[in-house]
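Worksheet: one structure, shown below.
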Amino acid sequence: MSKRIERFEPLSEREVRGYVCGPTPYDSMHVGHARTYSFFDTFVRFLRYVGYRVKLVINFTDIDDKIINRAREEFGNDAYLRWREIPERYIREFFEICEKLNIGRADHYPKVTEHIDDMINAIRELVNKGYAYVAPDGSVYFEISKVPDYGKLSGQDISKLVAGARVEPEPGKKNPLDFALWKSWKPGEPWWSTPWCPGRPGWHLECVVMASKYLGVPFDFHGGGLDLVFPHHENELAISYALYGKYELARYWIHVGLVTIRGEKMSKSLKNIIPVFEVLNKYEGESLRLYYSMTHYRKPLDFSYEGLSDAEQLLRTLYAACDFLKQLYKEARDEEAQEDSKVIEDVKKVEEAFLTALADDMDTPRAVSELIGLARIVTSRLIYMPEKISKETVLYTLQVLKSLGNILGILFKVDIDKILFDFIELLIDVRQRLRRQKMFELADYIRDELAKRGIIVTDTRVRTYWTLDRSRR
RNA sequence: GCCGGGGUGGCCGAGCGGUCUAAGGCGGCGGGCUGCAGACCCGUUAUUUCCCGGGUUCGAAUCCCGGCCCCGGCUCCA
């Protein structure tokens, strides 16, 4: 609310409760949606890493104009009977994409259609308290002028908003800015019955109702895309003020910057929307995940495949470091060694810097660069001195690399099946023997054939290291 | 019109009053390692500089004022 970066202090000592505005499942998720959910997943992982219990709720607005329209397009006159297929399909897709992007499960995924009664009760209360009124057609509107601070969250001045070009006054509204809590039924639309009229819920109210049901009010953070600040979150805040008497639905509001394409916002009219599945046809979700982390969450992210390829390559470097460590482990000493304390100290420094970066308004780009620094320690120093470090130090380094990567939602495919690992090691050993006997043709053959299978071999003066390319599809 | 967010190297992107002779990545260049190769390693790649013009300060990319430009929001929006 202050428009400033504030120190994050949860309402309760050990637990953080958060609500993220989920999708309206009427179409495929695009790279902008995925950015938002990826960010909050990283945020939650970070909070957990530093010791909080986190309760996260992400909702589905599964009844809405856009869903009805989509159903009409697809099913024509059957839309009335089959509209539920639309949200079902896209909610399924949402979860598939979350899985590919390694976005962890929230604690609850409430749906509007499963909370109609709660919403009706809330509307009744709002009407009784005088914050809402019933229009002649039975629709119920929220009266924003009853909320003194309306506009504070988004920094809007209501007197100026009225003049806004895009406000299309609806009959029955006292003020064009009043918004529908309940929309009266029109032919062909789904409906639920209420004391006012058959119809369906409007946008905004559901988030307040469901957040309060699953988290209580106020809760710690409320998030979503930047485009939700106005009117959505402003209206949520107004509703919660009316309902709970406090102009504070959530302690902190976190809004993720929008994704642009060549500097412009993705939109249907510009036909520049990039659905997540399109990206996932060419890249691993993990690469996209890292790509997101390379831009600070509050900044706009100008999506490009070039940038994504950069991220993919970085990810290879990170995995190479992990794989090298596992091979290094075999060569490292059993007992404590000369360089151990120095290495451990350096690794700890990186870990600290990484966490400091995230504690500073979730500076993931800085965190990424720290993580790369850690990979560099491995690929430029450690692999050349197996005799100077202990197995324990190698394991420790690997564990830090993995767990820091895990906060960013990456490096979750480090483990390699033991049989595969041993098998590759065997081939590497055979190739080494061939090289020693100057049978380079055969040695190169092995290297090439391994490369075709995504195993990249690197000869160094101490050992031949190899890495599995996880970005291959 | 009103309200936000921005403008940093060839590109992406950190930095938010001194440690900036500007992190990190990509790309370029040079080299190393190697039998060769590399998605390996090292070095180098902004140096009258951080959109422009003023100002504050011992000191500014970082703060203030004034411009210019870009993007977004103003009931479809993550």
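In what follows, chains are A, B, ... by sequence order, proteins preceding strands, each numbered from 1. Keep in mind the model is a prediction, meaning the values are calculated, not measured.
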Residues, nucleotides or ligands: over 12 heavy atoms within 6.0 Å of A/E99 CD: no

Distance check, P atoms only: B/U45 and B/A23, in whole angstrom units. 10 Å

Does NZ in A/K413 sit with more than 12 non-hydrogen atoms of other residues, nucleotides or ligands closer than 6.0 Å? yes

For a quick check of understanding: with a heavy-atom distance under 4.0 Å over all strands, which category does A/Y465 fall into, base, sugar-phosphate or nothing? nothing

Tell me which of A/E370 and A/F179 sits closer to the 5' end of RNA chain B, going by the nucleotide each one is nearest to. A/E370

Which class fits the ring pair A/W466 and A/F421: parallel under 30°, tilted 30 to 60°, perpendicular over 60°? tilted

What N/O pairs connect the protein and nucleotides 15-21 of chain B at under 3.5 Å? Give each pair on its own line.
{"from": "B/G15", "atom 1": "OP1", "to": "A/D363", "atom 2": "OD2", "distance (Å)": "2.6"}

Is the cationic atom of A/R105 (NZ for Lys, CZ for Arg) positioned less than 6.0 Å from the six-membered ring centroid of A/F95 and within 45 degrees of its normal? yes

Would you say B/C42 has OP1 or OP2 under 4.0 Å from some side-chain N or O of A/S380? yes

So which protein N/O to nucleotides 24-27 of chain B N/O distances come out below 3.5 Å?
{"from": "B/G25", "atom 1": "OP1", "to": "A/R376", "atom 2": "NE", "distance (Å)": "3.3"}
{"from": "B/G25", "atom 1": "OP1", "to": "A/R376", "atom 2": "NH2", "distance (Å)": "3.0"}
{"from": "B/C26", "atom 1": "O2'", "to": "A/D310", "atom 2": "OD1", "distance (Å)": "3.0"}

Work out how far the P atom of B/G31 is from that of B/C63, and round it to whole angstrom. 43 Å

When all nucleic acid strands are considered with a 4.0 Å heavy-atom cut-off, which category describes A/L258: base, sugar-phosphate, or nothing? base

It should be established whether A/T460 places a side-chain nitrogen or oxygen under 4.0 Å from OP1 or OP2 of nucleotide B/C33. no

Touch class at under 4.0 angstrom, heavy-atom based, for A/R435 against every strand present: base

What's A/V229 touching, base or sugar-phosphate or nothing? Going by heavy atoms closer than 4.0 Å. nothing

Is the terminal nitrogen or CZ of A/K174 (NZ for Lys, CZ for Arg) located under 6.0 angstrom from the six-membered ring centre of A/Y133 and within 45° of that ring's axis? yes

